[in-house]
Amino acid sequence: MTAEAPIAPALSYGRLIPVTVHFDDLDALGLLHNARYPLMVERAWAALWQEHGLRFEGDWAAAGDACNAVKELRITYEAPVTRPGEYAVHLWLERLGTTGLTYGFRFCSADGAVTYAHGSRVLVRLDADTLRPAPWSDRFRAAGRELLRPTDG
């Protein structure tokens, strides 16, 4: 008799982006350091948006939608990550406004079955000259709509 691997849950919204935890991401207790979770999430978002041609290359005026700032970050830790290896970040949008958005995330096993941490982050699109809120581009909004989590009801 052979044991079958558990079937990963199908994602009904968002994207699962692979990330790697390295040995030096662990703290003195051998756990993924709490400050590394947001870093892993940031790297996953950067990879996802680069697929859509959105990246920052040193020029804020040319950055367009990549010119944004974090307004809020919330994270809840559910279970410790105790070893280096392959994991994933499940990403989705909760809200896509005119100048801001709220995205949700789960730091999880590579197959998405186990959640280690989850949270949300609010971003505001900025005008590069004034650093005041500015509208997302139509191209960004189209890509973002694909990531929106369906609302109940």
query = Is Glu146 salt-bridged to Arg15, cutoff N-O under 4.0 Å?
reply = no
ask   = Between Asp25 and Arg36, is the closest basic N to carboxylate O distance under 4.0 Å?
value = yes
inquiry  = I'd like to know whether Thr20 forms a side chain to side chain donor-acceptor pair (under 3.5 Å) with Glu86, so could you lay out the CA-CA distance, the side-chain angles of the two residues, the decisive distance to 0.1 Å, and finally the verdict.
reply    = CA-CA 5 Å; Thr20 302; Glu86 300 306 311; 3.0 Å; yes
[X] atom [atom1], over 12 foreign heavy atoms within 6.0 Å:
X      : atom1 : value
Asp138 : CG    : no
Arg83  : CZ    : no
Arg149 : CZ    : yes

Verify the cluster assignment for [X] and [Y]: are they in a single hydrophobic cluster under the rule of side-chain heavy atoms below 4.5 Å apart?
X      : Y      : answer
Leu148 : Val122 : no
Leu91  : Val70  : yes
Leu96  : Trp92  : no
Leu29  : Val81  : no
Val19  : Leu31  : no

key: Check: Arg125/Thr99 side-chain N/O donor and acceptor closer than 3.5 Å   = no
inquiry  = Regarding Trp49 and Glu51, do their side chains bring together a donor and an acceptor under 3.5 Å, going by distance alone?
reply    = no
Side chains of [X] and [Y] in contact at under 4.5 Å (non-hydrogen atoms):
X      : Y      : result
Leu73  : Pro38  : yes
Thr102 : Arg121 : no
Thr98  : Trp136 : no
Leu26  : Thr82  : no
His90  : Leu11  : yes
His22  : Pro84  : no
Val89  : Leu16  : no
Leu48  : Gln50  : no

task = Taking Arg55 for its side chain and Ala47 for its backbone only, find out whether a donor-acceptor pair lies under 3.5 Å.
result = no
message = Closer than 3.5 angstrom, by distance alone: can the side chain of Thr115 be matched with the main-chain N or O of Ala117 as a donor-acceptor pair?
response = no
To the nearest 0.5 angstrom, please state how far the [atom1] atom of [X] sits from the [atom2] atom of [Y].
X      : Y      : atom1 : atom2 : value
Leu126 : Trp60  : CG    : CH2   : 8.5 Å
Leu39  : Leu32  : CG    : CG    : 9.5 Å
Leu93  : Leu101 : CG    : CG    : 5.5 Å
Phe140 : His52  : CZ    : NE2   : 9.5 Å

query = Below 6.0 angstrom between ring centroids: does that apply to Trp45 and Tyr103?
reply = yes
His118 and Tyr37 aromatic centres sub-6.0 Å = no
Of Ile75, Val114, Val21, the residue whose pairing with Phe107 passes side-chain contact (heavy atoms from CB on, under 4.5 Å) = Val21
task = Only one of Phe105, Tyr87, Tyr77 passes ring-ring contact (aromatic ring centres under 6.0 Å, His included) with Tyr116; say which it is.
result = Tyr87
request  = Measure across Ser109 and Ala88 and return the closest heavy-atom pair with its distance rounded to 0.1 Å.
outcome  = O-CB, 3.6 Å
